[in-house]
Peer 1: 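There's a structure below that I have some questions on.
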Number of protein chains: 2
Amino acid sequence: MTQSDDQRLGVKSVHLAFEVLEAVAFEPGEIGVSELANKLQTTKGTVFRHLQTLVDRGYLIQNASTQRYRVGARAYLIGRAAAERVDIIAGSQDAMRSLRDETGETVVVSSLSNRGNIVMNTLIGKSPLEIGVRVGSVLEPHATAQGKAVLAFDTQGLIKQLRRRGLTGLTPHTVTDIDVLERQLEAVRAQGYATAAEEMLLGISALAAPVMDGSGKTAGSIAIVGSIQNIGRQPAPEQIEAVLRAAQRVSWNLGYVGHLPFEPRNGRVPAKKSAG
Amino acid sequence: MTQSDDQRLGVKSVHLAFEVLEAVAFEPGEIGVSELANKLQTTKGTVFRHLQTLVDRGYLIQNASTQRYRVGARAYLIGRAAAERVDIIAGSQDAMRSLRDETGETVVVSSLSNRGNIVMNTLIGKSPLEIGVRVGSVLEPHATAQGKAVLAFDTQGLIKQLRRRGLTGLTPHTVTDIDVLERQLEAVRAQGYATAAEEMLLGISALAAPVMDGSGKTAGSIAIVGSIQNIGRQPAPEQIEAVLRAAQRVSWNLGYVGHLPFEPRNGRVPAKKSAG
DNA sequence: TCTTTTGTATCATAATTCGGAACATAGTTT
DNA sequence: AAACTATGTTCCGAATTATGATACAAAAGA
């Protein structure tokens, strides 16, 4: 439920129309005009007219016998169109840029698929010495911040696979003991972010947060990657916050309705900029 | 102007907002303010304000780098909610798969709404040459098997509308004489299924049966669509039986208590038995 | 039967949306 | 580089248009 966030921008009556649509759509059964008017704190007449609009467009249908309303076919069609186009790449564009500008580091977005945790998009940082990750490469689950971020919120039993296969050491800093890793994942769950300093390549460090999709599952991660000089073993609070904010924003773009398992930040992330 | 399409009922600005939403949602890529204003025959300012509303609500998202718009996650969420509540979609999933496996043909489920007989879900057949129907497209009442299937058991006077408007010929095989059509509908009522061989597109044929809902009304149709080579002018008995069985199953899922009017054994046409 | 509650229609008022023009900025051409 | 064109964005007056109180119709309950 939306708080007293009355200062929405745009067209007022359209907002109300969507309030009506959403109220009906998320109602388990059917709902009537009076009940809606009550719920939305407005009058029957107004609600009725909006219902009329929505029925006319096919977003809602009215049960002829009960005269009450429920969600209609057109809403489904819009959703289908959206499903084809909403993905982690599209949904992370803005957040990537913001994160890069805020931190100056290279930003890496990965998507968790059945082929592993794959780098989907990158944005090179501002340091003169460019540090990048090849798009399409598979991120080691145990030796990268991105890997740990998704492992920590894993629902598909990725850890068991890892336990069977064992942890390959890539640098002297790579975690090769699964129990140590599990303890690290505990911390990731608590903090909402994961780090990996020189665990994949000496001198390179990363800070990642998981990204959730519309069904609440882990979709991938967003991370900054840079020199150990810039992203320390214990990253700066600003860096952590920036990454977490970006992850929240991408998750929201993917339809994630809740808050990521960290920081009770209020409201959604504004896409607006200058206010003066 | 034309009173049929221009004079929509309800709230005007909301209609425009949905025009914007739909235009963006059904756009393959991204789309900008100017292009939209042009397409919708209005001004940039107005379109911009509606875009603002929709972005604020999460139905659209703006690509920060290109500044253009695409459909957002909230639209997806509404669609998901709809999918669970629009009965014919939820209720046809299993039957679609069975029908596809039994016949090998593309399966198409349509829903009858005030916007017409609309394709809601499809399952591509097994032939190497894929034949599909775009989800969301409107099925011609007189030139498709699906259209005839619902027309035959129509209760809302769709035929009168058709009689007024006349029948457009789409191929040499399209029925353009309303009396011929009425006679075909008689047969559909007797048999319980409808066919349309090359009536919409040369080479393509379809076999459809109506789907009834809990109140005994026609809710839509389920059909197989394929090459005229596979679905003949007089379809094979196995195909007919498979389609009828699927329709019965979906109807049953929608709460339909009787039998569809095809069973040759008992000539009893199911009466609309409402117990409430 | 009467009462209550529901969905729907009507209408005056005022708040709202609209659209044109001006602005800013990015991309392209000269 | 500068001029030019395209885009997205902001602003503001005018009047269209959404609003909610009231009234009506038709069920559902008592």
Side-chain angles (χ1 to χ4, degrees), chain A residues 6-21 23-24 27 29-57 60-70 72 93-94 97-98 101 270-276, chain B residues 1 6-21 23-24 27 29-57 59-72 114 215 274-276:
Chain A
D6 279 346
Q7 282 201 331
R8 323 214 67 165
L9 56 142
V11 180
K12 195 180 174 189
S13 56
V14 175
H15 274 296
L16 185 55
F18 276 103
E19 294 284 344
V20 172
L21 172 59
V24 176
E27 188 73 21
E30 298 178 337
I31 190 167
V33 173
S34 304
E35 196 178 341
L36 272 170
N38 198 39
K39 186 173 265 178
L40 301 176
Q41 309 229 56
T42 179
T43 60
K44 284 198 297 177
T46 301
V47 167
F48 174 70
R49 245 143 33 78
H50 280 295
L51 286 169
Q52 214 172 222
T53 315
L54 294 164
V55 168
D56 187 58
R57 285 211 151 259
L60 301 180
I61 52 181
Q62 183 176 28
N63 186 330
S65 52
T66 67
Q67 295 191 285
R68 308 179 83 202
Y69 297 82
R70 67 168 183 277
Q93 299 282 26
D94 307 1
R97 194 190 194 112
S98 303
D101 291 347
K272 290 284 94 183
K273 30 191 164 210
S274 61
Chain B
M1 302 305 185
D6 226 13
Q7 201 76 9
R8 325 221 57 171
L9 58 139
V11 180
K12 195 180 173 188
S13 57
V14 174
H15 274 296
L16 214 145
F18 276 102
E19 294 285 343
V20 172
L21 172 60
V24 176
E27 188 72 21
E30 299 179 335
I31 190 168
V33 174
S34 303
E35 197 179 341
L36 272 169
N38 198 39
K39 187 174 265 180
L40 300 176
Q41 309 229 53
T42 179
T43 60
K44 285 198 296 179
T46 301
V47 167
F48 175 71
R49 206 138 25 74
H50 280 294
L51 287 169
Q52 212 171 225
T53 316
L54 294 164
V55 168
D56 186 59
R57 285 207 152 263
Y59 285 85
L60 301 180
I61 53 183
Q62 183 178 27
N63 186 329
S65 51
T66 66
Q67 295 191 281
R68 308 177 81 202
Y69 297 83
R70 64 170 175 280
V71 70
N114 53 2
S215 61
S274 53

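Chain letters run A, B, ... following the sequence lines, proteins first, then strands; residues in each count from 1.
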Peer 1: For B:G32 and for A:S13, locate the closest nucleotide of DNA chain D by heavy-atom distance; then report the residue assigned to the nucleotide nearer the 5' terminus.
Peer 2: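 So the residue in question is B:G32.
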Peer 1: So, is A:R68 close to the C:dG7 phosphate, meaning a side-chain N or O under 4.0 Å from OP1 or OP2?
Peer 2: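 Answer is no, no contact under 4.0 Å.
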Peer 1: Does the base of C:dG20 carry an N or O that pairs as donor and acceptor with the side chain of B:K44 under 3.5 Å?
Peer 2: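 No.
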Peer 1: Would you name the heavy atoms of A:T53 and B:V11 that are closest together and state the gap between them?
Peer 2: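 Closest heavy-atom pair between A:T53 and B:V11: OG1-N, 2.8 Å.
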Peer 1: What is the separation between atom CG on A:D56 and atom P on C:dT8, rounded to the nearest whole Å?
Peer 2: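 It is 14 Å, rounded to the nearest whole Å.
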Peer 1: A:L9 has an atom CG; how far is it from atom C1' of D:dT10, in whole Å?
Peer 2: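 Rounded to whole Å, this separation is 13 Å.
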Peer 1: In whole angstrom, give the distance that lies between atom CG of B:L16 and atom P of D:dT17.
Peer 2: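 After rounding, the reported distance stands at 11 Å.
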Peer 1: Among C:dG7, D:dG20, D:dG8, which is the nearest nucleotide to the side chain of A:T42?
Peer 2: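 Looking only at side-chain atoms, A:T42 lies closest to D:dG20.
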Peer 1: Output the rounded distance in Å from CD (A:Q62) to C1' (D:dA27).
Peer 2: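 The answer, rounded to whole Å, is 14 Å.
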Peer 1: Which nucleotide in the list C:dG7, D:dG20, C:dG19 gets nearest to the side chain of A:V33?
Peer 2: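 Of all the options, the side chain of A:V33 is nearest to C:dG7.
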Peer 1: Please classify the nucleic acid contact of B:E35 as base, sugar-phosphate, or nothing, using heavy-atom distances under 4.0 Å.
Peer 2: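 The answer is nothing, as B:E35 stays clear of every strand by at least 4.0 Å.
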Peer 1: To the nearest Å, give me how far apart CG (B:L60) and P (D:dG8) are.
Peer 2: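 So the two atoms are 14 Å apart, to the nearest Å.
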Peer 1: Just N and O in the side chain of A:Y69: are any of them under 4.0 Å from OP1 or OP2 of C:dT6?
Peer 2: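 No, because none of the side-chain N or O atoms of A:Y69 sits under 4.0 Å from OP1 or OP2 of C:dT6.
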Peer 1: Of the options C:dG19, C:dT16, C:dA9, whose atoms approach the side-chain atoms of A:F48 most closely?
Peer 2: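 So the nucleotide nearest the side chain must be C:dA9.
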Peer 1: Students often get this wrong, so: under 4.0 angstrom with heavy atoms, is A:S34 touching a base, only sugar-phosphate, or nothing?
Peer 2: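 The answer is sugar-phosphate, as A:S34 gets under 4.0 Å only of primed atoms, P, OP1 or OP2.
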Peer 1: Does A:H50 make a side-chain N or O approach to OP1 or OP2 of D:dT19 shorter than 4.0 Å?
Peer 2: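 Answer yes for this pair, as a side-chain N or O of A:H50 is under 4.0 Å from OP1 or OP2.
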Peer 1: Could you tell me the separation between the NZ atom of A:K12 and the P atom of D:dG20, rounded to a whole number of Å?
Peer 2: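 Whole-Å distance recorded here is 7 Å.
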Peer 1: Does A:V14 offer a backbone N or O that forms a donor-acceptor pair with the side chain of A:H50 under 3.5 Å?
Peer 2: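 Judged by distance alone, no pair lies under 3.5 Å.
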Peer 1: B:R49 has an atom CZ; how far is it from atom P of D:dA18, in whole Å?
Peer 2: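 From B:R49 CZ to D:dA18 P: 12 Å.
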Peer 1: Whether B:T46 contacts C:dG19 is assessed here as follows: a side-chain N or O lying under 4.0 Å from the phosphate OP1 or OP2. Is that the case?
Peer 2: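 Yes, such a contact exists.
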Peer 1: Applying side chain to side chain donor-acceptor pair (under 3.5 Å) between A:R70 and each of A:Q62, A:E27, A:E30, report the one that passes.
Peer 2: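 Single pass found, and it is A:E30.
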Peer 1: Rounded at 0.5 Å granularity, tell me how far CZ in A:F18 sits from CG in B:L21.
Peer 2: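 If we round to the nearest 0.5 Å, A:F18:CZ and B:L21:CG are 5.5 Å apart.
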Peer 1: Counting only heavy atoms not in A:R97 (residues, nucleotides, ligands), do more than 12 fall under 6.0 Å from its CZ?
Peer 2: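 Open: at most 12 neighbouring heavy atoms sit under 6.0 Å from CZ of A:R97.
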Peer 1: Atom CG of A:L36 and atom C1' of C:dT5: how far apart are they, to the nearest Å?
Peer 2: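 Checked: the CG to C1' distance equals 16 Å.
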